Protein chains: 2
Amino acid sequence: MKVTINDVAKLAGVSMKTVSRVINKEPSVRKKTYDIVMDAVNTLNYQPNLAARNLAGTSSFTVGLVYDNPNAYYVIDMQNGVLSRCKEEGYELVIHPCNYLDGNMEEDFKTMIKRSRLAGLVLTPPLSEQNSIIEMLDEMGIHYVRVLSGRPTEEDQDTCIYVNDYAAAYEITSHLLSLGHKNIGFLCGDKEHKSTTERLEGYQAALKDHSISMNDKLIYEGQYSFESGVEGAKALLGENNPNNITALLGGNDEMAAGALFASRLMGIEIPQQLSITGFEDSPFSRQTWPKLTTAHQANDVISQHAARLLFRKTRGARNQDKDIITTFTPSLVVRESSGPTSA
Amino acid sequence: MKVTINDVAKLAGVSMKTVSRVINKEPSVRKKTYDIVMDAVNTLNYQPNLAARNLAGTSSFTVGLVYDNPNAYYVIDMQNGVLSRCKEEGYELVIHPCNYLDGNMEEDFKTMIKRSRLAGLVLTPPLSEQNSIIEMLDEMGIHYVRVLSGRPTEEDQDTCIYVNDYAAAYEITSHLLSLGHKNIGFLCGDKEHKSTTERLEGYQAALKDHSISMNDKLIYEGQYSFESGVEGAKALLGENNPNNITALLGGNDEMAAGALFASRLMGIEIPQQLSITGFEDSPFSRQTWPKLTTAHQANDVISQHAARLLFRKTRGARNQDKDIITTFTPSLVVRESSGPTSA
DNA sequence: AGTTAAAATGACAACGCTGTCAATGTTCTA
DNA sequence: TAGAACATTGACAGCGTTGTCATTTTAACT
């Protein structure tokens with residue numbers, strides 16, 4: 001029933017070690033031998049045992065995905081992306097949700113790493129921005145790849161995948177400007193997050209390029225949550241909309257949905273009286289009324305590339321994956337929540 | 001740097017095997033010895049190596065979570081529940097998203113199982129309902145626990161966790177009835193799913209108990225998706241609401257949100273002209289306008305118990321966890337989407 | 001063909017743990 | 001208090017791989 005490397009070796013008439021070489025795609029195996037072994041592998045439907053591989057080898061076949069993002073859609077997409085690569089490469093995925101508020105995160109990490117020696121980690125924002133964590137990992141000598149909000153100017157192209165929120169925010173803002181909006185509010189996330197400042201800067205740059213002066217009163221800092229979107233919209237639009245805002249940029253889809261909700265409460269018609277945009281294009285940007293104009297972020301693709309980058313690092317020479325994209329720019333998706341100014 | 005069982009044994013002045021006994025909580029270790037060993041474990045901060053354990057032992061320390069549910073919130077909750085138990089018990093979790101449409105699911109399963117021998121699987125609906133899968137697992141001799149929609153009448157209390165959708169649907173329907181609604185529509189999911197038929201029966205039972213006759217025209221079969229919720233609401237309410245429906249039961253929160261969306265399109269005020277209810281209490285039932293009345297389903301708790309049940313099976317005598325709940329009934333949460341009939 | 005270097009393969013000991021079974025200690029019985 | 005019965009511990013092999021290093025085969029030269 002259970003097929004081991006020995007069974008394959010016997011059937012192929014070679015040594016155990018040669019089979020090992022074949023399944024690890026090591027060089028210096030004659031083509032002919034390779035084929036014979038692969039035939040045996042296929043006939044027996046052999047699957048190398050992960051535990052044995054992890055135990056015996058210097059490198060491991062387990063990668064970890066670490067996240068502290070409360071957004072379920074985001075997490076699932078990241079998981080699926082990494083998982084799809086893992087499957088192809090014969091790796092196993094260990095997921096590690098965590099909470100930056102928990103003081104013992106460091107301990108937690110160490111435990112995880114001791115228990116199953118890891119090939120490396122994929123870190124997702126906002127946790128991937130925490131320098132203390134990066135330092136710890138460096139100290140421990142753990143490989144990792146970070147998914148970060150940022151612009152391709154930087155050069156850690158070996159350990160980072162960038163999501164260019166700046167450019168995306170610029171594009172969304174430009175979209176609103178082209179619809180005639182002048183007073184555009186921004187419901188941004190927590191400023192601790194890099195994505196927030198990136199998106200904010202993109203927004204500001206677009207305004208500047210259209211010669212529109214900045215107004216801090218149009219910016220509300222929330223926490224990327226639905227609730228804070230509600231609060232933000234109320235704060236910016238309340239008391240008869242003193243700043244005459246005609247469009248609202250949501251820091252993400254949830255905040256935009258919150259703004260939509262608040263608009264309903266205040267009797268504001270969307271998009272006739274107010275345009276609202278989201279960010280991320282999570283499924284629920286299509287499940288609001290009206291559907292949200294947003295920036296599509298291909299999280300599954302992003303995480304696939306993160307995994308590929310990790311594998312490239314991990315396996316050094318054996319794997320020189322060249323087509324890894326390290327910068328992604330979310331792209332504008334126009335739906336019903338944005339429209340021309342009525343004025 | 002790397003602490004092994006041998007280091008602990010040396011420090012404690014006992015044999016490797018005794019340390020093994022302690023960390024596995026085997027009986028027949030003298031209290032005094034146990035304490036000495038545990039002291040050594042703590043001083044060295046020892047973490048048993050999972051790969052070695054899996055390789056050497058007859059039982060494994062890896063459990064799998066299998067799902068084919070597209071609902072991200074649901075999946076995350078299930079993951080977190082199982083994960084929290086795994087952490088406590090020193091197990092590792094391997095997640096396995098899959099697609100029942102894929103023909104090669106069986107192969108996929110086998111591969112996963114061969115690669116890392118598993119202690120067992122937690123199966124979630126609707127995949128947990130597929131008899132072919134259960135048979136396959138039985139054949140392969142793999143332990144599993146199924147999370148299923150159903151009522152506690154059945155007796156597989158050793159391998160199943162039931163979610164009593166029947167009772168929950170009964171409760172929601174009763175809620176609507178008590179608000180004065182007589183013509184209550186039902187936007188149900190795919191009838192292939194057990195949850196659909198359970199919810200449908202609960203709805204029908206409630207109507208019956210209130211002496212309201214059934215009307216098939218009030219039932220629309222969708223696919224538990226937002227889109228099908230939109231379609232269903234249009235179908236039932238279109239052409240001037242021929243059946244004079246005043247309340248709509250959504251098969252889940254997404255369908256309810258779809259119905260909400262459709263109502264907007266049709267100019268129907270919620271809840272003044274129409275009450276709409278969801279099912280599951282996923283985060284987005286709080287992110288619609290108005291917020292959804294729904295049935296709260298504690299998915300994380302459910303999956304924790306599923307994991308506990310699996311561990312009990314797996315470890316036989318060593319673990320006689322007695323407080324495992326095997327039946328959960330989602331409970332009514334009243335929000336703004338339901339109200340009294342205007343009539 | 002004879003030599004040498006390089007490429008391809010194999011033998012065997014790890015990896016860190018658990019299972020088996022034998023060897024001790026301990027407690028109880030008569 | 002001897003002897004049996006049981007509780008506690010330890011020695012050692014083996015889980016299925018990979019790393020190391022020795023050996024054989026092939027290719028590349030004179």
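What you see is a predicted model, and the numbers here were worked out from it, not measured in a lab. Throughout, a chain's letter reflects where its sequence line sits, starting with A, and its residues are numbered from 1.
Contact between the side-chain N/O atoms of R53(B) and the OP1/OP2 oxygens of dT18(C) is found at a separation under 4.0 Å. Between S20(A) and dT18(D) there is a side-chain polar atom (N or O) within less than 4.0 angstrom of OP1 or OP2.
In this view, K31(B) and D35(B) satisfy the salt bridge (charged side-chain N to carboxylate O under 4.0 Å, His left out) rule, not counting sequence neighbours.
At the heavy-atom level, F61(A) lies nowhere under 4.0 Å from the strands shown.
Applying side-chain contact (heavy atoms from CB on, under 4.5 Å) to L310(A) and the options V82(A), L121(A), V122(A) leaves one that passes, V122(A). Across V3(B), I5(B), V8(B), a single residue satisfies side-chain contact (heavy atoms from CB on, under 4.5 Å) together with V41(B), and that is V8(B).
Q47(A) places its CD atom 10 Å from the P atom of dT17(D), with the value rounded to the nearest Å. Separating the OH atom of Y46(A) from the C1' atom of dT17(D) is a distance of 7 Å, rounded to the nearest angstrom. Rounded to an integer number of Å, the gap from CZ of R117(A) to C1' of dC17(C) is 14 Å. Here the P atom of nucleotide dG19(C) and the CD1 atom of I23(B) are 11 Å apart, to the nearest Å. For D7(A) and dT17(D), the CG to C1' distance is 13 Å, given to the nearest whole Å. Atom CG of N54(A) and atom P of dC15(D) are 19 Å apart (whole Å). The CG-P distance, from N49(B) to dC15(D), rounds to 18 Å in whole Å. Rounded to whole Å, atom P of dG14(D) lies 13 Å from atom CG of N6(A).
Inter-axis angle, ends of the helix from dA1(C)-dT30(D) to dA30(C)-dT1(D), five pairs per end, rounded to 10 degrees: 30°.
Side-chain contact check for R146(B) versus I133(B): every heavy-atom pair is 4.5 Å or farther apart.
For D68(A) (side chain) and L127(A) (main-chain N/O), a donor-acceptor pair under 3.5 Å exists by modelled atom type. A donor-acceptor pair under 3.5 Å links the side-chain atoms of D7(B) to the main chain of T4(B), judged by distance alone.
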- Query: When you check every protein heavy atom under 4.0 Å of nucleotides 6-15 of chain C, what one-letter string (B, S, -) results, 5' to 3'?
  - Reply: --SBBBB--B
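For the residue pair T124(A) / N69(A), no side-chain donor-acceptor distance below 3.5 Å is found, with atom types taken as modelled.
In this structure, K114(B) fails the cation-pi test against Y46(A), since its NZ or CZ atom is not both closer than 6.0 Å to the six-membered ring centre and inside 45 degrees of the ring normal.
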- Message: The test is side-chain hydrogen bond (donor to acceptor under 3.5 Å, both in side chains); show your working for Q79(A) and Y67(A) and say whether it passes.
- Response: CA-CA 10 Å; Q79(A) 286 181 357; Y67(A) 50 87; 3.2 Å; yes
